[in-house]
Amino acid sequence: MATNCIEYEHSKVEPHWQAFWEKEKTFHADSSLDKPKFYALDMFPYPSGAGLHIGHPEGYTASDIICRYKLANGFNVLHPMGWDAFGLPAEQYAIKTGTHPKETTYENIDNFRRQIKAFGFTIDWDREINTTDPNYYRWTQWIFLQLFKKGLAYVDERPVWWCPELKTILANEEIVDGKSERGEHPVERRNLRQWVLKITAYADRLLDGLDDLDWPNSTKTQQKNWIGKSEGAEVTFDIDGFPNEKMEIFTTRPDTLFGVTYMVLAPEHPLVKKITKYANQKLVAAYIKQAAGKSDMDRTELAKDKTGVFTGAYAINPVNNKKIPIWIADYVLISYGTGAIMAVPAHDERDFEFAQKYNLQIQPVIEKKQSDENGSATKLPFSGVGVMIHSNEYTGLDSDVGRKKITEELEKTGRGKSAVNFKLRDWLFSRQRYWGEPFPIVWVNKEDYLKVNDSKTSKLKNLLPESPVCYRNDGNEFYALPLPEEHLPLVLPEVESYLPTGFGESPLATEKNWVEIYLNLETGETVSASTEKPVKENWIRANRETNTMPQWAGSCWYYLRYCDPGNSEKLIDPEVEKYWGMPDFYIGGAEHAVLHLLYARFWHQVLFDLKIVSHPEPFKKLFHQGIILGEDGVKMSKSRGNVINPDDVIAEYGADSLRLYEMFMGPLEDMKPWTTTGIEGVYRFLKKVWREIIDSEGKINEKIICVENEKPDTEKLLHESIKKVTEDFENLRFNTSISQLMIFANHLQKVDTVTIGTIKIFVQLLNPLAPHISEELWERLGEKSSISFAEWPTFDPKKLVSDEVKIIFQINGKYRGDAILAKNIDQDSALDAARNIERIAKHFEDKIIKKIIFVPNKILNIVTG
RNA sequence: AGCCGAGUAGCCCAACGGAUAAAGGCGACUGUUUUAGAAACAGUUUGAUGGGGGUUCGAAUCCCUCCUCGGUUACCA
């Protein structure tokens, strides 16, 4: 079964074993089981036209090593792969060339699959999924319907990024430095009707859920900051001369209420128009216009230079009835909190800056505590906690205490209440593109909507949200009706052109045959309106939704589908879900720290509420592999010409060498540069391993003998290696496990004989890292079945230590000599030994021994006076 | 600007409170082999852990401070 190579020929060995694994279905993951399971998940790739990047296999190799290690430990392993294949590049290519995005996508997938297969991963290819496959996105649509039904999906006019060049809307994350991420075209703001998902309803759970996750701390922190929970109070200010208007603000520091010297409204705030004094109107209007022209990006770029104008109006401070001027300024955002703030320049950096610029009063009301102070007066702005001053009856209180008291007092008088705000915004969920999942939604008029709502038998009825989703356009009202489950998937139609309409609508909008339909309100059946209207009852005219879902949609739940990819009845079978559940290990780039991982958690929590999944969180253990840089130490890019192509590397050195090298470069999470000489090093190591086992005639090396007892030093090193490699695998420290195997191989070169048992264990330790050569050598050594299932070796602690140990003698912490002594020698005997060695004894024999520090089997440190 | 992480031989890295700091790999050099080169093998090579201070019998490891480099967030009241 093995090849007949004499020398190490990776180009023969690797395809041979890949074919073997494929034929034998070695890595088939069986769902019917009594064995413990292990589910390793790689962030699935977007199959780009550029082919696999050298960074992709870094994570895949890491998870593969764990999978092989788990297989050897008796686990039933699931290691799947698939394609996150919707997305803009295929669509842009389609616009350029007229090639259907599907065609490009499938070509790219074929190429990616070929490239990934060349690594010999433990992937169960029978479970491959593709987000653009209607059998897959049927369930993406189905999940959307559940969100819709729960009232978590709504439509809203949203200012979105419009790119005139790409003729499409871009999400915030697709914009870098005020330009489109792809193509770097300029972008501008536009208001458009959009689908939005109410992720904010889950803000608290998304925050709390983080606590129990085994994730990199930085990623947890990023998510926490993104959710941005802040606790404080909403306070109502009266407006002087406007008895019917109130100004609501949010603050985290109600304890500074006595220090408020001005108020700020966001330029877009509805109050602005109402309260601005006639004399100020001109300036205010000009300012609003100017602010509207600025994007959020511009506003932040000009962060250092705050601007604003006075409205001429005054608010009344509820705690002391002082009149305070109301300004408008664009450093206050309409989209956060109430879009209005109370400004406390003495205790807020931004307000301080603004007050200085416009000569507004600065009134300190918090003083540093005595204990914090080193004689100096509190420097402004001071945003810490301290003792309240100039605050009437609250003066002298700790600011923390005052905060609570003031809030309680406001609550009593109905002028405020404690409140919580989040930075997290609802998720803009629609794109005006072709290459995405169509929404299973049709738009009807109010009358038809009510028919469904009032029906007892309509199949659409049980998917309706409590309150209808609707929008107005040109005086008409449109109501959203869901397509019933049995009419999914709603398949993407063929279109004439992939170009957006240019009006901010998806190319689907021009497909009248598809958009304009007759809908059966009872059954949810649809037919094109270009055909004759069906004669029976319940058929009405309706229009399909023409937006498509964003690329995040398909990746929000793919880990579930891998468990049960062929299920045509359900998203996932409950029994299967119970068995494979959530992945035990998830690896992928840190660039997804917030968006993908947050969106997926949100969907998962919704599915948990629907009892479709049995655990509240999808990814219990997460790891980010580091980026592999080019040889010049900078990020690989075509323009720099420092891109390494995995195909070339495999052709020259083989997949085992590439796997080994990527793991050997350094800690998995670190960013590290590629070096060609580095891969030659591990290639040399594999050749050395081969040579130590297979001689120059292709037979087993003569030094490998079939006896039971191993030489003590070899045996000790072997057990050390088992221990080290096992622990390193558990902790994802592959670089050091390889180092240990190199030490062992170097030792092999030096010995005259070694037992076959030792060699087999060594090959087993190597197998997860370099599976092809290991499988080959395993069989050459006389084994009949795949090394994948050979039981993982265990080390014997007794073999790790010899009977004698070297004790280090120190005088006052300085090395003065050492001695080989019996293991577990006690302190007194060790001290006697030190006295008997003259060059050590001379350092302390005349002196008073103040203290002795004895670390058993390691060190005896004598501290003298 | 804030937060997080990292600074160890020419280079990538190991050691994470205990030896006289450094395993493994790369590179360089010498030798063996070779017509030569490559490969392989044997051997050699360089230094006081970014700077300063502290804790300790003992610090690369813990603490403080500064510097440098990455990641991340950008007026969220």
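Chain letters run A, B, ... following the sequence lines, proteins first and then strands; every chain starts at 1. Atom set for the values below is all heavy atoms of this structure, side chains included, hydrogens, waters and symmetry mates excluded. Everything numeric here is computed off the predicted structure, so don't read it as measured data.
In this structure, E231(A) CD and F250(A) CZ are separated by 8.5 Å, a value rounded to the nearest 0.5 Å. Residue I249(A) holds its CD1 atom at 7.0 Å from CG of L257(A), rounded to the nearest 0.5 Å. To the nearest 0.5 Å, atoms CG (L741(A)) and CG (L765(A)) are separated by 6.0 Å.
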What pairs of donor and acceptor atoms, side-chain ones from residues 683-694 of chain A against any protein atom, are under 3.5 angstrom apart with sequence neighbours left out?
residue : atom : partner : partner atom : Å
K688(A) : NZ   : N746(A) : OD1          : 2.8
K688(A) : NZ   : Q749(A) : OE1          : 3.4
W690(A) : NE1  : I6(A)   : O            : 2.9
E692(A) : OE1  : K703(A) : NZ           : 2.7

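The side chain of N746(A) places an N or O atom within less than 4.0 Å of a non-bridging phosphate oxygen (OP1 or OP2) of G25(B). Using a 4.0 Å cut-off, no side-chain N or O of K672(A) falls inside it from OP1 or OP2 of C12(B). The shortest distance between the side-chain N/O atoms of N735(A) and the OP1/OP2 oxygens of G24(B) is not below 4.0 Å. Checking the phosphate oxygens (OP1, OP2) of C41(B), a side-chain nitrogen or oxygen of Q749(A) falls inside 4.0 Å. Contact annotation: T677(A) side-chain N/O to C11(B) OP1/OP2 distance is not under 4.0 Å.
Checking U72(B), C75(B), A14(B) against every side-chain atom of T736(A), the shortest atom distance belongs to A14(B). When distances are taken from the side chain of T251(A) to each of G25(B), A77(B), G18(B), the shortest belongs to A77(B). Proximity note for P667(A) (side chain, C-beta onward) versus C75(B), A14(B), G25(B): the nearest is A14(B). Here the nucleotide nearest the side chain of M742(A), chosen from G24(B), C12(B), G18(B), is G24(B).
Using the Watson-Crick or G-U wobble rule with both distances under 3.5 Å, A15(B) pairs with nothing in any strand shown. Base-pair partner of A36(B): not found among the strands shown (Watson-Crick or G-U wobble, both distances under 3.5 Å). Pairing for U72(B) is with G2(B), a Watson-Crick or G-U wobble pair whose two hydrogen-bonding atom distances lie under 3.5 Å. The partner of U46(B) cannot be assigned: no Watson-Crick or G-U wobble pair with both contacts below 3.5 Å exists in any strand. Of all nucleotides present, only C67(B) satisfies the Watson-Crick or G-U wobble test against G7(B), with each distance under 3.5 Å. Across all strands shown, G58(B) has no partner, as no Watson-Crick or G-U wobble contact with both distances under 3.5 Å is found.
Heavy-atom distances under 4.0 Å link RNA chain B to G681(A), R684(A), K688(A), R691(A) of residues 680-696 of chain A, given in residue order.
Between the CD atom of E7(A) and the P atom of A39(B) there is a distance of 14 Å, rounded to whole Å.
You won't find any donor-acceptor pair under 3.5 Å spanning the side chain of E669(A) and the base of G5(B), going by distance alone.
Relative orientation of the Y358(A) and W327(A) rings is tilted, given thresholds of 30° and 60° on the angle between their planes.
Checking side-chain atoms of R659(A) against main-chain N and O of L769(A) turns up a donor-acceptor pair under 3.5 Å.
A side-chain contact (heavy atoms from CB on, under 4.5 Å) with D255(A) holds for exactly one of D400(A), I366(A), V344(A); it is I366(A).
A48(B): glycosidic angle within 90° of 0, hence syn.
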For side chain to side chain donor-acceptor pair (under 3.5 Å), just list the numbers for T676(A) and Y661(A), CA-CA rounded to whole Å, side-chain angles, deciding distance to a tenth of an Å, and then say yes or no. CA-CA 10 Å; T676(A) 300; Y661(A) 176 59; over 6 Å; no
